[in-house]
Chemist: 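Dropping a structure here in structure tokens format, bear with me for questions.
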Amino acid sequence: MTTPAVSIQALHKNFGSVQALKGIDLEIEQGEFFGLLGPNGAGKSTLINALAGLTRPTSGSLKIMGHDVITNYLEARRRLGVVPQEVVFDPFFSVREALIFQSGYFGLTKNDLWVDELLDTLRLTDKADANMRSLSGGMKRRVLIAQALVHKPLVVVLDEPTAGVDVELRKSLWRFVQSLHKSGHTIVLTTHYLEEAETLCDRIGIIDHGKLITLESKQELMSRGLGQKLTVSSNSPLPDVPTELQRKIVNASEFQLELRLRREQDSVIDILDQLRAANFQIDDIGVETDSLEDIFVQLTSEQAL
Amino acid sequence: MIGCYTLFKKEMARFGKVWFQTVLSPIVTAMLYLMVFSQVLEGRVEVFDGISYTEFLIPGLLMMTVIQNAFANSSSSLIQSKTLGNLLFILVAPISTLQIFLAYTAAAVARGLIVGLGVLLIALLYVEVPVYNFGIIMLFAISSSAVLGALGIIAGIWADKFDQMAAFQNFIIVPLSFLSGVFYSIHSLSGIWQTLSHFNPFLYMIDGFRYGFFGTSDVPVGTSFAVVIVSLTVLSAICYRIIDTGYKLRQ
């Protein structure tokens, strides 16, 4: 059995009386592309900061490739690259200087070839000698990614790397992260863009109110039976909805009806038959499978109840 | 140790990039003090037998410049890095607590010595200063700037805002360095002020440093060195503790 890339056990973190993390247990295997989702203030960044050693846990343990982030922090940090959520930079230095210094912090003295490769891959070569202050927000974010990768870490944690970046850059960052994953890096991604997690991640954990409320593969999560949305439209006013279908109504107007179907219990054909039997004149139908966003909203709102 | 050395190099590069402010400016300030005080007091005051006031003043001014700049280097670097958030690059790296302490302190010592050397070279154009024991001069210069470098680390980590740092500098560092016998011998002070001066650790740094030039001092040089070493040990222990526990650095 291989050592998990990330192993978190019974992790608690309190800020005064606020319990930010309430007993997180999580293992991420080597080579996984793991997505960590959750609403604002759910505890995602606290969890990432605890992994990076920026937050000291109140109790519990965190390991990177089998190395405890507190007791064996030097070894753990050598195997971890963190792209922070905030765009931070050192205004004294150029892009290349920042990357060379970061390499040195990780014990690497002759890292120019890899630094050049990173600059090229992240389209920063022409800005290599520019001061960090002169870069756009998107460029600074790409430098942050390069800084996290100077030591070729086995585990790469990206804390909302595409927050506030334009669509083109977001797509190019996705391609870059996917290429990192293909080359064997374990990727842990936190994001607000559920489309991002849906496109990229193999397995998804949803954290809310400091607890991991869901931990499943993307396929499992998408097929939880949350189902589909059936929209029925008519050119003439719709009659009353049959009693047995009323609990499925999401939205109803004079000419349109929206029903939520549970994937494993409801058949679209059967529902349409029941509507026709109730004298519905159906002119158009639409079936929309729940997105990860719908599942996310449903799960986190269940948690809030 | 590569991480430690890189952090040291980064700190050197940081103040080197703004050398006008970090090196030239304190040299000019020290020279202004030297010109004004020597102009006013030369020939009127003789602190040590056979030593002119300007000669007496130069080691004190040198040491004051060295320790103030050592403090400024570590404290300003840390509070800037904290405020801008880029301290994160060091905090996520495999650099040990001791290595972080050593890198910041060594850079503070280096800046103190570079600025001190600049002041000395210009002062030598002004008046010739005797050297009694170069080893003692360097011993006090390095150990004293290390004390202030360590104090700067503590202040830089403790201060949340730049005005807290300015208060630390203006209400602790500057008064203690001015009232440490830079401009006078403590024997010229009356009773209570002379007694109080002995509680100022900066007095021992400057007095011991001056001994290296003239071979005479207000306080026995051994006592001065012992006070500097005890100060360095205590402050280094505090530094190590606060970096290791992540006080105001790691949540």
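When reading the values below, keep in mind they use all heavy atoms of this one structure, side chains included, and skip hydrogens, waters and symmetry mates. Letters A, B, ... mirror the listed sequences (proteins, then strands); counts begin at 1.
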Chemist: Scan side-chain atoms only and decide if Ser94(A) and Asp129(A) contain a donor-acceptor pair under the 3.5 Å cut-off.
Modeler: no
Chemist: Before we go on, tell me: are the rings of Tyr33(B) and Phe178(B) under 6.0 Å apart, centre to centre?
Modeler: yes
Chemist: For chain B, which candidate among Asn49(A), Val82(A), Asp90(A) shows the most heavy-atom pairs at distances under 4.5 Å?
Modeler: Asp90(A)
Chemist: Answer with side chain, backbone, both or neither: which region of Glu75(A) has an atom nearer than 4.5 Å to a non-hydrogen atom of chain B?
Modeler: neither
Chemist: With a 4.5 angstrom heavy-atom cut-off, which part of Gln80(B) approaches chain A: side chain, backbone, both or neither?
Modeler: side chain
Chemist: May I ask you to check whether Ser45(A) and Gln85(A) show a side-chain donor-acceptor distance below 3.5 Å?
Modeler: yes
Chemist: Contact part of Ala103(B) toward chain A, heavy-atom cut-off under 4.5 Å: side chain, backbone, both or neither?
Modeler: neither
Chemist: Check whether the ring centres of Tyr204(B) and Phe225(B) lie less than 6.0 Å apart, and answer yes or no.
Modeler: no
Chemist: Please determine, among Leu108(A), Ile100(A), Leu74(A), Leu144(A), the option with the most heavy-atom pairs under 4.5 Å with chain B.
Modeler: Leu74(A)
Chemist: For Gln30(A) and Thr3(A), does a side-chain donor sit closer than 3.5 Å to a side-chain acceptor?
Modeler: no
Chemist: Evaluate the side chain to side chain contact (heavy atoms under 4.5 Å, CB included) criterion for residues Ser7(A) and Leu62(A): first the C-alpha distance (whole Å), next the side-chain angles of each, then the deciding distance (0.1 Å), finally the verdict.
Modeler: CA-CA 6 Å; Ser7(A) 171; Leu62(A) 302 105; over 6 Å; no
Chemist: Side chain, backbone, both or neither: which part of Leu80(A) has a non-hydrogen atom closer than 4.5 Å to chain B?
Modeler: neither
Chemist: Please look at Glu86(A) and chain B and tell me whether the side chain, the backbone, both or neither of the residue comes under 4.5 angstrom of a heavy atom of that chain.
Modeler: neither
Chemist: When heavy-atom pairs shorter than 4.5 Å are enumerated against chain B, which of Ser103(A), Gly53(A), Pro84(A), Ala148(A) gives the highest number?
Modeler: Gly53(A)
Chemist: Name the region of Lys17(B), side chain, backbone, both or neither, that has any atom closer than 4.5 Å to a heavy atom of chain A.
Modeler: side chain
Chemist: Between Asp160(B) and Lys248(B), does any NZ, NE, NH1 or NH2 come within less than 4.0 Å of an OD or OE carboxylate oxygen?
Modeler: yes
Chemist: Of the backbone (N, CA, C, O) and the side chain (C-beta and beyond), which part of Thr83(B) lies under 4.5 Å from a heavy atom of chain A, both, or neither?
Modeler: neither
Chemist: Cys4(B), Gly246(B), Ala13(B): which one forms the most heavy-atom pairs within less than 4.5 Å of chain A?
Modeler: Ala13(B)
Chemist: Heavy-atom cut-off 4.5 Å, strictly under: side chain, backbone, both or neither for Tyr73(A) against chain B?
Modeler: side chain
Chemist: Does a side chain donor of either Ser74(B) or Arg111(B) reach within less than 3.5 Å of an acceptor in the other side chain?
Modeler: no
Chemist: Taking every non-hydrogen pair under 4.5 Å, which of Leu88(B), Leu87(B), Val92(B), Leu84(B) racks up the most with chain A?
Modeler: Val92(B)
Chemist: Counting C-beta onward and ignoring hydrogens, is there a side-chain heavy-atom pair between Ser183(A) and His185(A) closer than 4.5 Å?
Modeler: yes
Chemist: Between Arg78(A), Glu97(A), Lys13(A), Arg56(A), which shows the greatest number of heavy-atom pairs under 4.5 Å with chain B?
Modeler: Arg56(A)
Chemist: Please classify the contact between Thr245(B) and chain A as side chain, backbone, both or neither, with a heavy-atom cut-off of under 4.5 Å.
Modeler: backbone
Chemist: Is it the case that the ring center of Phe93(A) lies less than 6.0 angstrom away from the ring center of Phe89(A)?
Modeler: no
